[in-house]
Amino acid sequence: MSKLVLMRHGESTANYDHTFTGWSDVSLTAKGKADAHEAGRKLNKTGIQFSDAHTSYLKRAIVSENIVLDEINQLWIPQHKTWRLNERHYGALRGKNKEQVKQEVGEQQFMRWRRSFAAVPPRLQEVDPKRRYQTAGIQEPPAESLKMAYQRLIPYWQDEIVPKLIDGKNQLVVAHGSSLRALIKYIENITDTGIDGVEVHNATPIIYTFNHELQVVNKELIK
């Protein structure tokens, strides 16, 4: 038996402002930090001992993970950062107010961009190179659908997380709403249309328990 805990970062400034974020590197709000501390305290009560922690290249997830690890007294474990766990790239929508975008394009198109598996938001005309991605040998995309995020995330899951779970080592992943939706889709074998209705709330740990064949035998949300 092994356990996987997935958690979306605490409230970010973009969450508070109701703006599209994607790969923009925004901070946590004071509430976001407090919620991450509370999530860590609740997770500490489970007694789960992790072998590794995984997060994205974006500070709202990195800081959330550090807060949780501090609360559970496991800051010493290996922490792995990867662009593959980044939020879905919202392209030219990033920085725009969600309600304003909905009024401009209509609710149907708005929801397709936000929730559907295959819809790609408007692409950026130019992407400024950033050192963090150049170091990783990749170029920031102009936009991504959830399907595209799924495709770049699953190799990391298969190569870096699955072998550890099979070896009985508990894993912590602190990432983002869409990247976690993509991972949940894979873990739970959710259909392309079924994933539309899946929501991942800020700072709410999800605990999966796997058997030796890496089949899910239990799922629990810590609220």
Side-chain angles (χ1 to χ4, degrees), residues 6-29 32 54-65 81-134 136 138-157 173-186 190 192-204:
L6 305 182
M7 193 187 92
R8 183 183 176 189
H9 58 79
E11 180 189 71
S12 71
T13 55
N15 294 147
Y16 180 81
D17 293 332
H18 301 290
T19 57
F20 287 99
T21 320
W23 285 31
S24 297
D25 202 13
V26 300
S27 300
L28 295 177
T29 63
H54 310 261
T55 191
S56 71
Y57 275 3
L58 302 171
K59 61 186 176 183
R60 59 191 185 273
I62 295 169
V63 173
S64 295
E65 181 175 272
K81 299 182 181 73
T82 174
W83 64 274
R84 293 182 182 275
L85 284 171
N86 274 18
E87 175 61 293
R88 175 162 71 103
H89 199 302
Y90 278 103
L93 293 179
R94 69 180 180 185
K96 293 187 176 182
N97 181 271
K98 292 177 182 177
E99 188 60 36
Q100 184 177 349
V101 171
K102 182 164 66 173
Q103 291 176 5
E104 290 173 355
V105 303
E107 185 166 1
Q108 185 175 3
Q109 180 62 66
F110 174 79
M111 293 305 295
R112 285 187 70 246
W113 285 338
R114 278 206 71 195
R115 309 302 300 175
S116 79
F117 188 58
V120 181
R123 293 172 171 82
L124 292 172
Q125 295 301 309
E126 289 186 44
V127 178
D128 295 329
K130 294 181 178 65
R131 179 171 172 263
R132 72 186 73 182
Y133 303 120
Q134 290 176 323
I138 66 146
Q139 184 173 353
E140 182 178 344
E144 288 181 307
S145 63
L146 183 61
K147 181 178 181 179
M148 294 162 70
Y150 176 96
Q151 290 169 338
R152 48 104 160 150
L153 187 154
I154 295 308
Y156 185 82
W157 163 256
V173 177
V174 180
H176 307 267
S178 291
S179 55
L180 291 177
R181 285 177 66 226
L183 190 51
I184 289 168
K185 181 183 190 303
Y186 186 86
I190 298 171
D192 292 357
T193 53
I195 196 61
D196 293 6
V198 174
E199 182 68 41
V200 180
H201 298 287
N202 293 94
T204 304

- What residues, two or more places apart in sequence or in another chain, satisfy salt bridge (charged side-chain N to carboxylate O under 4.0 Å, His left out) together with K185? D192
- Task: State which residues pass salt bridge (charged side-chain N to carboxylate O under 4.0 Å, His left out) with E11; sequence neighbours excluded, sorted by chain then number.
- Result: none
- Item | Distance in Å, T13 OG1 paired with L28 CG, rounded so as to fall on 0.5 Å steps | 8.5 Å
- Query: Residues in side-chain hydrogen bond (donor to acceptor under 3.5 Å, both in side chains) with Y133, at least two apart?
  - Reply: N86
- Query: Residues two or more places apart in sequence or in another chain: which of them pass side-chain contact (heavy atoms from CB on, under 4.5 Å) with E199?
  - Reply: R8, R115, H201
- Message: If the condition is side-chain contact (heavy atoms from CB on, under 4.5 Å), which residues does E104 pass it with, not counting sequence neighbours?
- Response: Q100
- Message: Taking salt bridge (charged side-chain N to carboxylate O under 4.0 Å, His left out) as the definition, give me every residue that meets it alongside R152, ordered by chain and number, with sequence neighbours left out.
- Response: E144
- Atom CD1 of I190 and atom CZ of F117: how far apart are they, to the nearest 0.5 Å? 10.5 Å
Just distance, no hydrogens or angles: give the donor-acceptor pairs under 3.5 Å from side chains in residues 55-65, sequence neighbours left out.
unit_1	atom_1	unit_2	atom_2	d
T55	OG1	V174	O	2.7
S56	OG	L58	N	3.1
S56	OG	H176	NE2	2.8
K59	NZ	S27	OG	3.4
R60	NE	H9	NE2	3.4
R60	NH1	S24	O	2.8
R60	NH2	G22	O	2.8
S64	OG	G10	N	3.1
S64	OG	R60	O	2.7
E65	OE1	H54	N	3.3
E65	OE2	Q79	NE2	3.1

Donor-acceptor contacts, no H, no angles, side chain residues 89-96, under 3.5 Å, sequence neighbours left out:
unit_1	atom_1	unit_2	atom_2	d
H89	ND1	G91	N	2.9
H89	NE2	E140	OE2	2.7
H89	NE2	P141	O	3.2
Y90	OH	R88	NH2	3.3
R94	NH1	E140	OE2	2.9

- Message: Within the 4.5 Å heavy-atom criterion, are L85 and L153 side-chain neighbours or not?
- Response: yes
- Find the distance between CZ (R84) and CD1 (I138) and round it off to the nearest 0.5 Å. 8.0 Å
- Note on the structure: The side-chain contact (heavy atoms from CB on, under 4.5 Å) partners of A143 (sequence neighbours excluded) come to V120, P121, R123
- Counterpart residues, side-chain contact (heavy atoms from CB on, under 4.5 Å), relative to Q125 (two or more places apart): none
- Task: Check step by step if side-chain contact (heavy atoms from CB on, under 4.5 Å) holds for V173 and L180.
- Result: CA-CA 9 Å; V173 177; L180 291 177; 4.2 Å; yes
- Message: A quick test of your reading: do over 12 heavy atoms of other residues, nucleotides or ligands sit less than 6.0 Å from CD of Q139?
- Response: no
- Query: Around K98, counting heavy atoms of other residues, nucleotides and ligands shown, do more than 12 lie under 6.0 Å from its NZ?
  - Reply: yes
- At their closest point, which heavy atom of S116 faces which heavy atom of D196, and how far apart are they? CA-OD1, 3.5 Å
- Message: Once salt bridge (charged side-chain N to carboxylate O under 4.0 Å, His left out) is applied, do any residues pair with D25, and if so which ones, sequence neighbours excluded?
- Response: R132
- Could you check whether the rings of Y186 and Y150 sit parallel, tilted or perpendicular, using 30° and 60° as the cut-offs? tilted
- Note on the structure: Minimal heavy-atom distance between A136 and W83, with the atoms involved, is CB-CD1, 4.0 Å
- Note on the structure: The side-chain hydrogen bond (donor to acceptor under 3.5 Å, both in side chains) partners of S179 (sequence neighbours excluded) come to none
- Message: So, taking the atom named CG in N202 and the one named CG in N15, what distance separates them when rounded to the nearest 0.5 Å?
- Response: 4.5 Å
